[in-house]
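Quantities reported herein were computed from a predicted structural model and do not represent experimental measurements.
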Amino acid sequence: MDVGYYNDIGKRRNSNEDSYIAMPAIGLYIVADGVSSEKAGEVASKLATDGIAQMASYVISKNKNITLHQAKELLAICIDRVNEEIITLGKRDIAHRGMATTLLVAYISGDEVLIANVGDSRAYLYHGNKIKQITEDHTYVNELIKRGAISKTEAKTHEKRAYITRAIGAYKDVHPDFFTAFLGEGDVVMLCSDGLYDEVGDDKIEEILSQLNDMNSACKALVCEANKNGGRDNITVMCIKK
């Protein structure tokens with residue numbers, strides 16, 4: 001695996017509320033995007049990534065033959081625990097009250113990837129010079145799109161486009177979505193916060209991934225493109241090439 005990652009505060013924000021962890025030795029990759037005001041979102045995303053990494057890596061490192069079904073059960077437990085931890089801290093400390101975060105976790109084993117998702121950070125699969133979104137956004141506008149109430153084009157400028165319907169720390173019961181995908185030789189799993197895809201279209205992402213074989217270089221180029229197009233949010237990109 002060739003693993004690359006890059007993070008930037010962007011052009012408009014005063015703080016960076018994105019967090020990420022890459023653990024190639026055990027096939028675990030995590031991206032989180034804090035959604036609260038002040039610095040509480042930064043705390044929430046860090047708690048989520050660190051908590052998942054600590055709990056999941058301990059189990060995976062002890063059981064290197066873990067199946068995807070077992071990994072799914074493990075991640076569900078880990079996500080529930082970090083959700084509880086963030087809610088508890090928010091209740092105890094007024095400075096962190098209401099903090100929440102998106103959470104995106106990828107576990108890669110052999111030719112398969114398992115994705116766990118809460119919120120609107122995204123996982124994509126780049127295959128045959130095309131990217132395809134693996135995850136589904138937990139947003140108000142995505143619900144409208146699914147009902148046929150608005151188009152994808154209208155969603156980009158909708159007044160509630162930033163409204164997230166699921167987040168870690170927002171509700172007592174958290175319901176992650178799980179997805180699996182097959183990885184062929186040369187395929188790339190790309191994890192990112194909305195700071196990337198809000199600024200960079202699929203065509204440009206495909207162009208960059210087709211031109212740059214080194215994943216660190218590709219991630220840096222993607223972040224630079226997002227900043228060139230406005231950089232209105234924090235930007236995190238992680239690419240894992242088989």
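- More than 12 heavy-atom neighbours from other residues, nucleotides or ligands sit within 6.0 angstrom of CD on Q133.
- Put simply, the side chain of Y107 does not reach to within 4.5 Å of the side chain of L74, judged on heavy atoms.
- H175 has its side chain within reach of R166: a pair of non-hydrogen atoms, C-beta onward, lies under 4.5 Å apart.
- Scanning all heavy atoms of the two residues, the minimum distance from L212 to A218 falls at CD1-CA, 3.8 Å.
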| task | Tell me, with the steps shown, if Y29 and Y5 meet side-chain contact (heavy atoms from CB on, under 4.5 Å). | result | CA-CA 10 Å; Y29 308 90; Y5 39 86; over 6 Å; no
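- Residues K91 and I87 form a side-chain contact, since some pair of their non-hydrogen atoms from C-beta on lies under 4.5 Å apart.
- Using a distance-only test at 3.5 Å, with no hydrogens or angles considered, no donor-acceptor pair links the side chain of T102 to the main chain of A32.
- Looking only at side-chain heavy atoms (C-beta outward), L191 and Y20 stay at 4.5 Å or farther from each other.
- Panel note: side chain D2, backbone K241; no donor-acceptor pair is recorded below 3.5 Å.
- The nearest pair of heavy atoms linking A56 to L28 is CB-CD2, 3.9 Å.
- Note that CG of D8 is 13.0 Å distant from SG of C219, once rounded to the nearest 0.5 Å.
- Hydrophobic clustering keeps V237 apart from M1 (ILVMFWY residues linked when any side-chain heavy atoms are closer than 4.5 Å, directly or through intermediates).
- Criterion: ILVMFWY side-chain heavy atoms under 4.5 Å apart, direct or through other members. Under it, Y197 and V31 are not part of a common hydrophobic cluster.
- The side-chain hydrogen bond (donor to acceptor under 3.5 Å, both in side chains) test with R122 is passed by exactly one of N117, D194, D137: D137.
- Scanning both residues, K46 and S19, for their nearest heavy atoms gives N-OG, 3.4 Å.
- Linking ILVMFWY side-chain heavy atoms closer than 4.5 Å, directly or via other members, places M238 and V105 in two distinct hydrophobic clusters.
- Heavy atoms only, all atoms of each residue included: S15 and E42 are closest at CB-OE1, 4.2 Å.
- E199 places no side-chain N or O within donor-acceptor distance of the main-chain N or O of N227, the cut-off being under 3.5 Å.
- To the nearest 0.5 angstrom, I52 atom CD1 is 11.0 Å from L47 atom CG.
- For the pair L209/C239, a side-chain contact is recorded, criterion being any heavy-atom separation below 4.5 Å from C-beta on.
- Linking ILVMFWY side-chain heavy atoms closer than 4.5 Å, directly or via other members, places V188 and I235 in a single hydrophobic cluster.
- Distance alone, capped at 3.5 Å, places no donor-acceptor pair between the D233 side chain and the R13 backbone.
- Around atom CZ of R81, no more than 12 heavy atoms belonging to other residues, nucleotides or ligands sit under 6.0 Å away.
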| Is there a side-chain contact (heavy atoms from CB on, under 4.5 Å) between N63 and N65 once you walk through the steps? | CA-CA 5 Å; N63 181 12; N65 295 319; 4.1 Å; yes
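- Remark: T165 OG1 to Y140 OH distance equals 11.0 Å, nearest 0.5 Å.
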| task | Show the numbers, then the answer: is there a side-chain contact (heavy atoms from CB on, under 4.5 Å) between T180 and K72? | result | CA-CA 10 Å; T180 57; K72 178 180 177 180; over 6 Å; no
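- When each of E207, K228, E225 is paired with V200, the side-chain contact (heavy atoms from CB on, under 4.5 Å) condition holds for E225 and for no other.
- Of the possible polar contacts, none joining the D120 side chain to the H138 backbone as a donor-acceptor pair under 3.5 Å is found.
- Each of V35 and I9 belongs to its own hydrophobic cluster when Ile, Leu, Val, Met, Phe, Trp and Tyr are linked at side-chain heavy-atom distances under 4.5 angstrom.
- A pairwise comparison of heavy atoms in L114 and L68 identifies CD2-O, 3.8 Å as the closest pair.
- Side-chain contact between I86 and M99 is present, with heavy atoms from C-beta onward closer than 4.5 Å.
- For the pair G34 and T101, the tightest heavy-atom approach, listed with the atom from each and the gap, is N-OG1, 3.5 Å.
- Under 4.0 Å is where a charged nitrogen must lie from a carboxylate oxygen, and between D111 and K242 at least one such pair does.
- Side-chain atoms of T236 and D18 form a donor-acceptor pair, as typed in the model, at a separation below 3.5 Å.
- Here L183 contributes atom CG and I108 contributes atom CD1; the two are 5.5 Å apart, rounded to the nearest 0.5 Å.
- Put simply, the side chain of F178 reaches to within 4.5 Å of the side chain of L75, judged on heavy atoms.
- Atom OH of Y126 has more than 12 heavy atoms from other residues, nucleotides or ligands within 6.0 Å.
- For the atom pair CD (E84) and CG (D173), the distance works out to 10.5 Å, reported to the nearest 0.5 Å.
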| request: Determine, stepwise, if the pair M23 / I60 fulfils side-chain contact (heavy atoms from CB on, under 4.5 Å). | output: CA-CA 11 Å; M23 307 178 77; I60 294 170; over 6 Å; no
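- Side-chain contact between M215 and I240: absent, with no pair of heavy atoms (C-beta onward) separated by less than 4.5 Å.
- Distance check: N229 CG to C224 SG gives 11.0 Å after rounding to the nearest 0.5 Å.
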